[in-house]
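Below is one structure, written out as structure tokens, with a few remarks after it.
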Amino acid sequence: MRKKIIAGNWKMYKTFSEAVDLVKKIIPLVKDSAADVIVCPNYVCLSEVAKLLPGTNVALGAQDLYWEKEGAFTGKVSGPMLKSVGVEFVIIGHSEQRSYFHETNETVNKKVKAALENGLKPIVCVGEVLAERESGKTEQVVRNHVEGAFAGISEQDLRKCVIAYEPVWAIGTGKTASPEQAQEVHAFIRGLLSRMYNKAVAQEIRIQYGGSMKPENAKDLLSQPDIDGGLIGGAALKADSFAGIVNFKG
Ligand code: 13P
């Protein structure tokens, strides 16, 4: 049985004090969760949020990293820097990075490698835009994202990764993929991993769903056989709605 894994992607929301306030509210609400719980604040809040997490069941994630260790790369943050403040997970290849900040399969792959080299666990985002879904290209796009992200990644390293299927048309739109639509793509990803690696490792990897997940639809999505968790945007910005997803009853 794969343990569920629910992560809150706070995106570019929350000032320093708001982030501290939010995590303080989340911690007691999720303490009995059967799922792994992760919060991913913006860079400037990471170290302060990190101080509040020891002794809790909440882990820390970042929203991106740069693949070089250090250097003249103004504005960028590296794997060793994230590691040094207690980050455990890092979101890579989010559709907002792909669409606004020139993220490609190649840069995703470099970031996945850099994360793994620095002892961070990648949460690799994949997913199609609406036009791709409507023209029947969902599987082709998702295959391209998965193969690109994990090119040259060993089976042993793959085991440290989480995949997030985020149909771009469902992100922040209130339009959730139906449980059946999501399950179909999750099963496709697992089949793909099975062909790229082997069945055993494909069965082990956790695949989150992301895109307008909220307490009202979490149970139906998370009850699907290949949906192992959620990567939550809007609903992760309030403690009660995030906890409502984390504490779903199957
Ligand atoms: P929403 O939950 O706001 O749709 O965002 C999903 C997402 O992009 C998480 O990474």
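In this chain, numbering begins with 1 at the start of the sequence shown. Read the numbers this way: they start at 1 and go in the same order the structure lists the ligands and their atoms.
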Tell me, which protein residue and heavy-atom name are nearest [atom], and how many Å apart are they?
atom                   : value
atom 5 (O) of ligand 1 : Lys11 NZ, 3.3 Å
atom 7 (C) of ligand 1 : Glu166 OE2, 3.2 Å
atom 3 (O) of ligand 1 : Gly234 N, 2.8 Å
atom 2 (O) of ligand 1 : Gly233 N, 2.9 Å

Any donor-acceptor pair under 3.5 Å from Asn57 side chain to Val30 backbone: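 A pair under 3.5 Å: yes.
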Set of side-chain hydrogen bond (donor to acceptor under 3.5 Å, both in side chains) partners for Glu103, sequence neighbours left out: Thr107, Lys111
Parallel, tilted or perpendicular, as decided by the 30° and 60° cut-offs, for the rings of Phe73 and Tyr66: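 Tilted, since the angle between the ring planes falls between 30° and 60°.
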What do you reckon, does [X] have a nitrogen or oxygen under 3.5 Å from a nitrogen or oxygen of ligand 1?
X      : result
Asn9   : yes
Gly210 : no
Gly211 : no

Under-4.0 Å salt bridge between Glu128 and Lys137: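 So Glu128 does not pair with Lys137 through a salt bridge.
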Cationic N near anionic O, under 4.0 Å, Glu204 to Arg159: yes
Enclosure of Glu184 CD (heavy-atom neighbours >12, cutoff 6.0 Å):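 No, CD of Glu184 has 12 or fewer neighbouring heavy atoms, counting only those of other groups under 6.0 Å.
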4.0 Å heavy-atom contact, Ala170 with ligand 1: yes
Ligand 1 contact by Ala235, heavy-atom criterion under 4.0 angstrom: no
All pairs passing salt bridge (Lys or Arg N to Asp or Glu O under 4.0 Å) where residues 13-22 contributes a residue, at least two apart: Asp21-Lys25
Linked, directly or transitively: Phe150 and Leu231 (ILVMFWY side chains, under 4.5 Å): no
Heavy-atom nearest neighbour of atom 10 (O) of ligand 1 within options His94, Glu96, Lys214: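 The residue whose heavy atom sits nearest atom 10 (O) of ligand 1 is His94.
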Contact atoms of ligand 1, heavy-atom distance to Gly172 under 4.0 Å: 1 (P), 3 (O), 4 (O)
Region of Cys125 that comes within reach of ligand 1 [heavy atoms, distance under 4.0 Å]: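 No part of Cys125 is near ligand 1 at this cut-off.
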Side chain, backbone, both or neither: the part of Leu231 lying under 4.0 Å from ligand 1 by heavy atom: both
Six-ring centre of Phe89, Lys121 cation under 6.0 angstrom, axis tolerance 45°: yes
